[in-house]
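Scope of the values below: all heavy atoms of this structure, side chains included, with no hydrogens, waters or symmetry mates. Chain letters run A, B, ... following the sequence lines, proteins first, then strands; residues in each count from 1.
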Amino acid sequence: MFQTTREILQSADEGDLVRLRGWVYRKREFRDKIFIMLRDSEGVVQLVFSGQLAEDARKLNIESSIIVEGIVKVEPRAPGGKEVHVTRILWSYIGEPFPINVSAAQADSEYLLDVRHLWIRSRKMWAMLRIRHTVFNAIHEYFRMNGFYEVQCPIFVSAAVEGGATLFPVKYFDRTVYLTQSAQFYLEALIFSLEKVYTVAPSFRAEPSRTRRHLTEFWHAEAEMAWSNMYDVMKISEGLICHIVRRVLDERLEELSILGRDVEKLEKVRPPFPRVLYDEAIEILKKKGLNVEWGSDLGADEERILMQEFETPIHLYGFPEQIKAFYHKNDPQDPKRTLSVDVLAPEGYGEIIGGGERIEDPNQLIEKIKRFGLDPKDYDWYIDLRRYGSVPHAGFGLGVDRLVMWICGLDHIRDAVPFPRDIRRVAP
RNA sequence: GCCGCCGUAGCUCAGCCUGGUUGGAGCGGCGGGCUGUUAACCCGUAGGUCCCGGGUUCAAAUCCCGGCGGCGGCGCCA
């Protein structure tokens with residue numbers, strides 16, 4: 001029977017005989033006594049080796065693995081207030097000198113990406129991974145609580161969702177297919193069976209983006225709802241974000257603190273999010289002296305400047321037709337505008353959700369596909385969905401890695417993912 | 001696609017602008033010291049094709065040209 005480091009710190013009593021297993025996180029050597037910070041999946045606790053055991057412990061390099069038996073001591077000088085005085089080393093594996101040192105870790109260097117398979121052992125990565133775990137769990141919780149069915153969509157696809165977006169070609173027997181960039185079209189098909197559906201899956205974008213919020217492979221949480229409109233998307237998406245943030249605040253305070261996250265800022269994330277019409281955003285930016293006109297897309301700088309006005313995420317809605325993909329439904333009251341909505345995260349993190357109402361009329365859809373310079377033949381089955389009992393419907397996609405990046409307060413999306421894939425990096 | 005930056009020890013970096021004896025520091029390694037550390041500390045020690053090629057010069061890590069490798073940001077999007 002083994003105890004975790006967390007169990008030692010939380011519930012073990014003075015004098016308890018315990019067994020622990022883990023890795024050497026830090027080692028502090030003296031003549032006849034050695035302190036080792038033992039790391040496991042739950043945390044870190046101090047071990048004390050003395051006498052002959054100190055001589056054995058001296059051989060352990062950083063990240064060596066070890067199983068020990070010892071006696072719990074309440075000790076104010078120990079990190080966490082308790083430590084384990086080792087009485088037996090039951091097993092050990094003396095690792096080679098660990099190649100990551102303190103200065104490399106502080107520098108947040110490229111080297112850490114080269115040795116990412118080892119760096120994921122670090123406290124920072126550990127904290128992020130645990131928060132990420134909670135985020136993914138909360139996504140499933142929220143959708144299931146709200147009557148959505150989870151579905152699975154193909155990764156190999158034969159046509160683009162976004163007209164212009166770049167796809168990764170894949171050799172597929174004697175022809176070329178592509179890696180999916182969104183499950184949206186499949187989700188739209190599935191609402192005719194299940195009405196409210198969601199999926200959490202990777203999406204792939206071959207755009208040569210070199211920014212701190214782009215990956216070529218990212219995790220996409222997408223939902224689609226029959227009998228729904230743009231305002232339903234706003235309600236569900238803000239409910240989702242708030243539920244996720246609440247869960248992280250409830251379960252992961254220690255991890256947020258390790259990452260140095262300002263928890264106060266996350267506490268402010270409560271519904272409803274401000275609803276900002278695209279036109280208002282343009283006005284705000286003009287007042288701030290930016291040269292933006294109705295119809296132009298908001299770049300990263302504009303987004304950042306706009307979000308200085310807000311402390312929570314916002315719904316930015318009603319984008320002009322020309323800056324949104326063809327499938328967005330135009331506003332019948334104002335046809336040059338679409339019933340589209342993005343969620344922008346505060347603190348400069350930008351767009352985390354994109355969505356809106358879809359065109360349900362087949363003729364309107366065909367007409368818009370043509371107007372966008374695309375070929376309706378490429379969207380054959382997608383148009384077909386509208387021919388057999390079409391319904392108003394809407395949906396959205398959440399960039400889960402961007403959400404994790406924001407919640408953790410990270411500088412780069414790469415650090416929101418254990419093994420990031422970007423324009424150049426595909427290893428480890 | 002556009003703009004900018006970098007390449008010096010296993011790792012992080014200083015030195016380069018203003019060329020000048022044997023190219024430095026911290027961490028890590030190795031050896032030693034130390035009765036309580038919190039990224040332990042102290043002493044010693046090993047470790048270098050200064051990315052590659054060419055040029056200028058009495059002299060190049062340093063200046064110039066070319067190549068290779070890498071990074072950051074924007075655009076696009078989640």
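Between the P atoms of B/C5 and B/C41, the separation comes to 38 Å (whole Å). Going from the C1' atom of B/G23 to that of B/G47 covers 14 Å, rounded to whole Å. Comparing the same atom, C1', in B/G73 and in B/G31 gives a spacing of 48 Å after rounding to whole Å. Remark: the separation of the P atoms in B/G44 and B/C27 is 13 Å, to the nearest Å. Atom C1' of B/C6 sits at a distance of 39 Å from the matching atom of B/U37, rounded to the whole Å. Nucleotides B/U45 and B/C51 place their P atoms 27 Å apart, quoted to the nearest Å. Using C1' as the reference atom, B/A61 and B/C13 are 15 Å apart when rounded to the nearest Å. Nucleotides B/G53 and B/G10 are separated by 27 Å at their C1' atoms, to the nearest Å.
Counting non-hydrogen atoms under 4.0 angstrom, A/Leu398 reaches nothing in the nucleic acid. Among the protein residues, A/Ala78 comes within range of the nucleic acid bases, having at least one heavy atom under 4.0 Å from a base atom. The residue A/Asp342 sits apart from the nucleic acid: no heavy atom pair falls under 4.0 Å. Here A/Ile353 lies in heavy-atom contact (under 4.0 Å) with sugar-phosphate atoms only. Contact annotation for A/Phe30: base contact, defined as any heavy-atom pair under 4.0 Å involving a base atom. If you check every strand for non-hydrogen atoms under 4.0 Å, A/Gly350 touches nothing.
Distance from the side chain of A/Thr211 is smallest to B/C74 among B/G73, B/C74, B/C77. Out of B/U12, B/C71, B/A39, the shortest distance to the side chain of A/Arg425 is found at B/C71. Comparing B/C71, B/C76, B/A78 by their nearest atom to the side chain of A/Glu207 picks out B/C76. The A/Arg77 side chain lies nearest to B/G36 when the options are B/C71, B/G36, B/A78. In the set B/G75, B/C77, B/G36, the nucleotide with an atom closest to the side chain of A/Pro208 is B/G75. With B/A78, B/U37, B/G29 as the choices, the nucleotide that has an atom nearest any side-chain atom of A/Gln46 turns out to be B/U37. Distances were taken from every side-chain heavy atom of A/Glu75 (C-beta onward) to each of B/G73, B/G36, B/C71; the shortest belongs to B/G36. Counting only heavy atoms from C-beta on, A/His214 has its side chain closest to B/A78 among B/U12, B/U37, B/A78. Of the candidates B/G36, B/C77, B/G75, B/G75 carries the atom nearest the A/Ala300 side chain, counting heavy atoms from C-beta on. Comparing B/U12, B/G29, B/G75 by their nearest atom to the side chain of A/Arg213 picks out B/G75.
A/Phe49 has its CZ atom 14 Å from the C1' atom of B/U37, to the nearest Å. Computed from coordinates, the A/Phe98 CZ to B/C27 C1' distance equals 15 Å when rounded to whole Å. Atom-to-atom, NE2 of A/His412 to P of B/C71 comes out at 10 Å; the value is rounded to the nearest Å. Atoms CD1 (A/Ile34) and P (B/G33) sit 13 Å apart, rounded to a whole Å. Rounded to whole Å, the distance from CZ on A/Arg402 to C1' on B/C76 is 10 Å. Taking atom CD of A/Gln184 as the reference point, atom C1' of B/C77 lies 14 Å away to the nearest angstrom. One can place CD1 of A/Ile241 at 14 Å from P of B/A78, the figure rounded to the nearest angstrom. We find that CG of A/Leu316 is positioned 14 Å from P of B/C77, with the value rounded to whole Å.
Mapping A/Asp422 and A/Ile323 onto RNA chain B by nearest heavy atom places A/Asp422 closer to the 5' end of the strand. Summary of the strand contacts: A/Lys324 and A/Arg304 both lie near RNA chain B, and taking for each the nucleotide with the nearest heavy atom, the more 5' one is attributed to A/Arg304.
Residues A/Glu207 and A/His214 bring no donor and acceptor atom of their side chains to less than 3.5 Å of each other. With no hydrogens or angles considered, no side-chain donor-acceptor pair links A/His328 and A/Thr338 at under 3.5 Å. Between the side chains of A/Thr4 and A/Asp40, not a single donor N or O lies within less than 3.5 Å of an accepting N or O. Between the side chains of A/Arg144 and A/Tyr198, at least one donor N or O lies within less than 3.5 Å of an accepting N or O.
Considering A/Lys286, A/Lys336, A/Arg337 as possible partners of A/Asp279, the one that fulfils the salt bridge (Lys or Arg N to Asp or Glu O under 4.0 Å) test is A/Arg337.
In this structure, A/Asp13 does not pair ionically with A/Lys82, as no charged nitrogen and carboxylate oxygen lie closer than 4.0 Å.
In this structure B/A78 sits in no base pair that meets the Watson-Crick or G-U test at under 3.5 Å. Pairing partner, B/U18: none, since no Watson-Crick or wobble contact has both distances short of 3.5 Å. Pairing partner, B/C5: B/G70, with both Watson-Crick or wobble hydrogen-bond distances short of 3.5 Å. Across the strands present, B/G24 finds its partner in B/C13; the criterion is a Watson-Crick or G-U wobble pair with both atom distances under 3.5 angstrom. Across the strands present, B/G48 finds no partner; the criterion is a Watson-Crick or G-U wobble pair with both atom distances under 3.5 angstrom. As the counterpart of B/A60, no nucleotide is assigned, since no Watson-Crick or G-U wobble pattern has both distances under 3.5 Å.
Remark: the backbone N or O of A/Val135 is not paired with any side-chain donor or acceptor of A/Arg247 at under 3.5 angstrom.
Aromatic rings of A/Tyr278 and A/Trp294 (six-membered ring for Trp) have centroids within the 6.0 Å cut-off, being under it. Two rings, from A/Phe326 and A/Tyr379, have their centers less than 6.0 Å apart. The distance between the ring centers of A/Trp23 and A/Tyr93 does not fall below 6.0 angstrom.
Residue ring and base: A/Phe218 counts as stacked with B/A78 (centre distance below 5.5 Å, interplanar angle below 30°).
For B/G75, its base sits under 3.5 Å from the side chain of A/Ser209 at one donor and acceptor pair at least. For A/Glu29 and B/U37, a side-chain-to-base donor-acceptor distance below 3.5 Å is absent, hydrogens and geometry of angles not being considered. For A/Glu83 against B/G36, a side-chain-to-base donor-acceptor contact under 3.5 Å is present. At a cut-off of 3.5 angstrom, the base of B/C74 holds no donor-acceptor pair with the side chain of A/Arg212.
Using a 4.0 Å cut-off, no side-chain N or O of A/Arg28 falls inside it from OP1 or OP2 of B/U35. Contact between the side-chain N/O atoms of A/Arg205 and the OP1/OP2 oxygens of B/C77 is not found at any separation under 4.0 Å. Under 4.0 angstrom from either OP1 or OP2 of B/C71 there lies no side-chain N or O belonging to A/Arg414.
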